[in-house]
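Nothing fancy with the numbering, it's 1 onward along the sequence. Both backbone and side-chain heavy atoms feed into the values below; hydrogens, waters and symmetry mates do not.
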Amino acid sequence: MKNPKTLRKSPGEEVSLQIEKIVAGGQGLARLEGKAVFIAGVLPGETVRARIIESKRDFERAELVSVEQSSPRRVIPVCPVAGICGGCDWIFIDYAEQLRLKVELATEAFLRVGGLKPPQFGIEPSSPLGYRNRIQVHLDADGRAGFMGRKSRRVVPLQECPVAVPGLQSLFLKKPEAAGMGRFPAFAYRDASGNDVLHSGEGGDGGEIVVSVLGKPIAFNLRCFFQSNLVDLEKLIPYVLSDFEGSASEEPWELALDLYGGIGMFGAFLSQHFKRILVVEENREALRYARLNIPGEAHTFRAARVESWVTGADSHLDVRVSQGKVAAFVDPPRTGLDAGVIPFLGRAPLNRLTYVSCNPVTLARDAGRLVAEGWEIAEGRLFDFYPQTSHIEAVVKFVRTRNA
């Protein structure tokens, strides 16, 4: 008898599938003659009709044709272009179920990828709609604004976006002056007076933006990375800071390493608890704003890739301390930590390590490597920065199990 994994279906062939679970990336997993099939737009327990679109030796990919037996957690999407627009891949799922699935995905990543006992992940819910402050607007050939289509290079024009904050909706209501294919970023927020403020990159750089985060002014521009959910950012920062708000009688914290520091978002708040902040960031424009957001002569700013800085002489000089304690904060891109960064975090004289991640799979992988370098997971929490999508923001805190 042939191995089921060697049996291939022809692209275009329709099959009936029973969905077992949701896997990393937000797709459903089914089995077809023992072979894994991945399909978007489904929920655990559903029976669906699907069309094979890709056939490999070890797996198949399929697209949803129809739902034959629906999950009670399936809802009618509030967006008229759901499934056509490339965003909001979970907008058909009840919000409480979205939260449950995100905890399940993060937990499974630590078990399967990291080989670790996962922390007891709690999750901070968000507003399911009207939460997103930053978007990337695409223009079609007629100059109409929208987003890229699902698995397509075609622009899907919109009249409104249900997950965007009110200040961004005007971008979809008027026809831009410049027609033709193109794109631009935009950021909107509500100021202290209750007015919607919009910064658009259409025809320019959008100018300098200053927003209040937990009462602190934070400056940046549209060329810099900035979180897309201001409300949830104000939940995440206190959690990151919570270990460093001890009494005055405790030994002071000397140095905070803010690696992949960006515009200094974390550093701006860490400066209240540490004598010195060291920011390492390769984007010079972002680093310029970090200097503004973390004022003070005691702080150090390195324009370098973290992967290069950890192997250079600067890292040894920068991390030397005469007293107090040292903590590191890492917020890497979705690919996670470079392999060379993890040994540095193992040998540096650090007392605490906080890892912020937008990808629980690479976070789990790196957590396993950090544990091998002498760290232990203390706790973790998830923050639902992107409702209606499968994306997850996670924070995991580590403590030393042995000296560096």
Side-chain angles (χ1 to χ4, degrees), residues 22-28 38-43 46 48 50-51 53-54 61-67 70-71 73-95 97-99 101-102 126-176 178-188 198 200-202 222 227-229 232 334 358-359 384-393:
I22 303 297
V23 297
Q27 294 190 326
F38 300 102
I39 177 170
V42 296
L43 276 162
E46 291 189 326
V48 303
R51 182 181 298 110
I53 57 175
E54 183 181 12
R61 293 195 186 278
E63 63 181 2
L64 182 65
V65 174
S66 63
V67 179
S70 177
S71 165
R73 296 298 188 178
R74 180 177 286 272
V75 298
I76 298 173
V78 296
C79 180
V81 295
I84 302 171
C85 170
C88 296
D89 59 327
W90 276 9
I91 200 168
F92 66 95
I93 303 175
D94 171 76
Y95 186 57
E97 179 69 357
Q98 291 183 34
L99 297 176
L101 288 171
K102 290 181 180 186
S126 185
S127 298
L129 301 173
Y131 67 84
R132 192 174 180 106
N133 296 91
R134 183 185 180 115
I135 59 174
Q136 186 86 344
V137 180
H138 292 260
L139 306 178
D140 70 5
D142 296 321
R144 296 176 299 177
F147 300 127
M148 296 300 291
R150 179 175 173 266
K151 295 184 179 179
S152 169
R153 296 187 63 82
R154 181 176 66 88
V155 176
V156 178
L158 302 175
Q159 292 186 332
E160 64 177 348
C161 174
V163 300
V165 296
L168 292 169
Q169 302 299 338
S170 63
L171 294 170
F172 305 111
L173 298 177
K174 70 179 185 68
K175 184 175 179 179
M181 296 293 288
R183 64 180 184 177
F184 60 88
F187 187 93
L198 171 65
S200 169
E202 181 187 2
L222 290 175
Q227 288 285 4
S228 299
N229 189 326
D232 278 43
R334 289 188 61 81
C358 60
N359 186 341
D384 194 24
F385 271 58
Y386 306 102
Q388 316 303 340
T389 81
S390 55
H391 296 293
I392 310 168
E393 197 79 9

For this session: Evaluate side-chain contact (heavy atoms from CB on, under 4.5 Å) for Ile392 paired with Cys358, printing each intermediate quantity in order.
Result: CA-CA 6 Å; Ile392 310 168; Cys358 60; over 6 Å; no
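- When the salt bridge (Lys or Arg N to Asp or Glu O under 4.0 Å) test is applied to Glu46, the partners found at least two apart in sequence or on another chain are Arg74.
- The shortest non-hydrogen separation linking Ala186 to Leu168 is CB-CD2, 3.9 Å.
- Using a 4.5 Å cut-off on side-chain heavy atoms (C-beta onward), Phe147 and Phe172 make contact.
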For this session: Evaluate the side-chain contact (heavy atoms from CB on, under 4.5 Å) criterion for residues Glu97 and Ile22: first the C-alpha distance (whole Å), next the side-chain angles of each, then the deciding distance (0.1 Å), finally the verdict.
Result: CA-CA 11 Å; Glu97 179 69 357; Ile22 303 297; over 6 Å; no
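- At a cut-off of 3.5 Å, with distance as the only test, no side-chain donor of Gln159 or Gln169 sits close to an acceptor on the other residue.
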For this session: Output, in order, the C-alpha distance, side-chain angles, deciding distance and verdict of side-chain contact (heavy atoms from CB on, under 4.5 Å) for Lys151 and Ile53.
Result: CA-CA 12 Å; Lys151 295 184 179 179; Ile53 57 175; 3.9 Å; yes
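- Scored by the side chain to side chain donor-acceptor pair (under 3.5 Å) test, Asp89 finds Ser390 as partners (sequence neighbours excluded).
- Asn229 is not listed as a side-chain neighbour of Gln227, based on a closest heavy-atom distance of 4.5 Å or more.
- Residues that satisfy the salt bridge (Lys or Arg N to Asp or Glu O under 4.0 Å) test with Arg51, not counting sequence neighbours, are Glu14, Glu63.
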For this session: List the steps and the verdict of side-chain contact (heavy atoms from CB on, under 4.5 Å) for Val78 and Leu129.
Result: CA-CA 9 Å; Val78 296; Leu129 301 173; 3.9 Å; yes
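- Ser126 contributes atom OG, which lies 3.5 Å from atom CG of Asp232 (distance to the nearest 0.5 angstrom).
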Throw together a table of side-chain donor-acceptor distances under 3.5 angstrom for residues 160-167, partners on residues two or more places apart or in other chains.
none

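- In this structure, OG1 on Thr389 lies 7.0 Å from CG on Asp384, to the nearest 0.5 angstrom.
- Remark: Tyr386 OH to Arg132 CZ distance equals 6.0 Å, nearest 0.5 Å.
- Interatomic distance, Leu171 CG to Leu139 CG, rounded to the nearest 0.5 Å: 10.0 Å.
- Cys88 contributes atom SG, which lies 11.5 Å from atom CD1 of Ile93 (distance to the nearest 0.5 angstrom).
- Between Phe184 and Glu202 the shortest side-chain heavy-atom distance falls below 4.5 Å.
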For this session: List the steps, then state whether side-chain hydrogen bond (donor to acceptor under 3.5 Å, both in side chains) holds for Ser228 with Asn133.
Result: CA-CA 5 Å; Ser228 299; Asn133 296 91; over 6 Å; no
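- Contact of the Val156 side chain with the Met148 side chain is not registered, since no non-hydrogen atoms from C-beta on lie closer than 4.5 Å.
- Distance check: Ser70 OG to Phe92 CZ gives 9.5 Å after rounding to the nearest 0.5 Å.
- Residues satisfying the salt bridge (Lys or Arg N to Asp or Glu O under 4.0 Å) criterion with Arg61, sequence neighbours excluded, are Glu54.
- Applying the side chain to side chain donor-acceptor pair (under 3.5 Å) criterion to Tyr131, with sequence neighbours excluded, gives no partner residue.
- Side-chain atoms of Arg134 and Leu222, non-hydrogen and from C-beta on, do get closer than 4.5 Å to each other.
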